[in-house]
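Notes follow once the structure below has been shown.
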Amino acid sequence: MTRLTPIRLTPIRLTLRSAWYLFAYQFIGWLLMSVVLTAVGVAAALAVTLAGIPLLVATAAVVRGCADLERARLRPMTGSPVQVRYRAPDRPGLLARAITPWKDVAIWREVAYLVGLFPLLATAGLVVLTLWLCCVIGVTMPLWYHFPFNHFVLNGHSLNQHSVTVRGVQLGYFPNGPHGAGAVGWYVQTLPQALLVAGLALVGLLLSSYLVIVTARAHAAVAKVLLRAPRDPLAQVKEVLNTPISLMSHN
């Protein structure tokens, strides 16, 4: 039996795809939320006027367009297109076209995803991506740890007379240098220290990669539930009624 290794348990392509999905949402999700919130707010404010009728039509189109963009982003995560179905107007005329979309539960599910859930989904993605990127940076630390430098003032008088320049990476708080009073944390100044940080970061990278994948899948699952066609509660009943049944077969 082939032994599974941590690298094989965390596919790089899946991790990068999941990370890109979460990263892009930080910008695309914010843009879509702003557009939908503005459009719905303006339409709601003017809904009692004649100008509100075409605005309701336009706003419904805006919401659907934004939802379509998210459905397109979902396809690489789900592997299949997300099907959607909207209620058609039951009579001709601009008023019917304006009112019918807002009687459809589908558009309110889209608004709930695009606006209502954005703070939660964006925050979760940001936290996970920050942790993952910190681990990525930590793994590469042996390559660049010696380049950063900081000036520390000793005895607190003149910068020219009582300052010292120290190279390395601060992992903590060092108001008076690596060995001064009030130091809290770890100041990486040597290659062995950088290699140790890289080793710890590699372990964190493997764990955070799983977290990125799980978070992206959870996000995609929520998006798919809210952006697909609502389930018809009478679907099973309609299927039974539409299925021809031979009563003579029971005799």
- Query: Can you tell me if CH2 on W30 sees more than 12 non-hydrogen neighbours from other groups inside 6.0 Å?
  - Reply: no

- Report yes or no: do L207 and L202 belong to one cluster of Ile/Leu/Val/Met/Phe/Trp/Tyr joined by side chain heavy-atom distances under 4.5 Å? no

- Message: Using every non-hydrogen atom in the two residues, find where I107 and P101 come nearest and quote the distance to one decimal.
- Response: CG2-O, 3.1 Å

- Query: Same hydrophobic cluster for L74 and W20, using side-chain heavy-atom links shorter than 4.5 Å among ILVMFWY?
  - Reply: yes

- Item | Whether F23 and F27 hold their rings parallel, tilted or perpendicular, with breakpoints at 30° and 60° | perpendicular

- Message: For a 4.5 angstrom cut-off between non-hydrogen side-chain atoms, does L14 reach R217?
- Response: yes

- Do F118 and L32 come close enough that some side-chain heavy atom pair is under 4.5 Å? no

- Query: According to a 4.5 Å side-chain heavy-atom criterion applied to Ile, Leu, Val, Met, Phe, Trp and Tyr, with indirect links allowed, do V214 and L121 form part of one hydrophobic cluster?
  - Reply: no

- Message: Under 4.5 Å between side-chain heavy atoms, counting indirect links through other Ile/Leu/Val/Met/Phe/Trp/Tyr residues: same cluster for W144 and L196 or not?
- Response: yes

- Query: If you measure from CE on M141 to CG on L191, what distance do you get to the nearest 0.5 Å?
  - Reply: 12.0 Å

- Note on the structure: Smallest heavy-atom separation, V212 atom then V128 atom, equals CG2-CG1, 3.4 Å

- Spacing of L126 atom CG and L131 atom CG [to the nearest 0.5 Å]: 11.5 Å

- Query: Can you tell me how far the OH atom of Y187 sits from the OH atom of Y173, to the nearest 0.5 Å?
  - Reply: 13.5 Å

- Below 4.5 Å, heavy atoms only, C-beta onward: do S18 and M77 meet side chain to side chain? yes

- Given L205 and S208, is the side-chain contact (heavy atoms from CB on, under 4.5 Å) satisfied, shown in steps? CA-CA 5 Å; L205 180 61; S208 61; 4.2 Å; yes

- State the CG-OG1 distance between L211 and T15, to the nearest 0.5 angstrom. 11.0 Å

- Between P142 and L195, what is the shortest heavy-atom contact and its length? CG-CD2, 3.7 Å

- Message: Applying side-chain contact (heavy atoms from CB on, under 4.5 Å) to R109 and V105, what does each step give before you reach the verdict?
- Response: CA-CA 6 Å; R109 287 157 60 102; V105 67; 4.0 Å; yes

- Message: Main chain of Q189, side chain of R167: is a donor-acceptor contact present, judged purely on distance under 3.5 Å?
- Response: no

- Query: What residue pairs, at least two apart or across chains, pass side chain to side chain donor-acceptor pair (under 3.5 Å) with a residue in residues 60-83?
  - Reply: D68-R71, E70-R73, E70-Y113, R71-Y86, R71-E110

- By side chain to side chain contact (heavy atoms under 4.5 Å, CB included), L56 pairs with (sequence neighbours left out) A43, A98, W102

- Between G116 and P119, what is the shortest heavy-atom contact and its length? O-CD, 3.6 Å

- Do T190 and Q193 have side-chain heavy atoms sitting under 4.5 Å apart? yes

- Close side-chain approach of P76 to Y21, heavy-atom, < 4.5 Å: no

- Query: Taking the side chain as C-beta and beyond, is there a heavy-atom pair between V169 and W186 under 4.5 Å?
  - Reply: no

- Item | In one Ile/Leu/Val/Met/Phe/Trp/Tyr side-chain cluster, 4.5 Å: L37, W108 | yes

- Item | Between CD1 on residue I213 and CZ on residue R17, distance to nearest 0.5 Å | 9.0 Å

- Between atom CD1 of I28 and atom CG of L114, what is the distance when rounded to the nearest 0.5 Å? 12.0 Å

- Has the side chain of T140 got a donor or acceptor atom that lies under 3.5 Å from a matching backbone atom of I137? yes

- Message: Counting C-beta onward and ignoring hydrogens, is there a side-chain heavy-atom pair between L117 and L226 closer than 4.5 Å?
- Response: yes

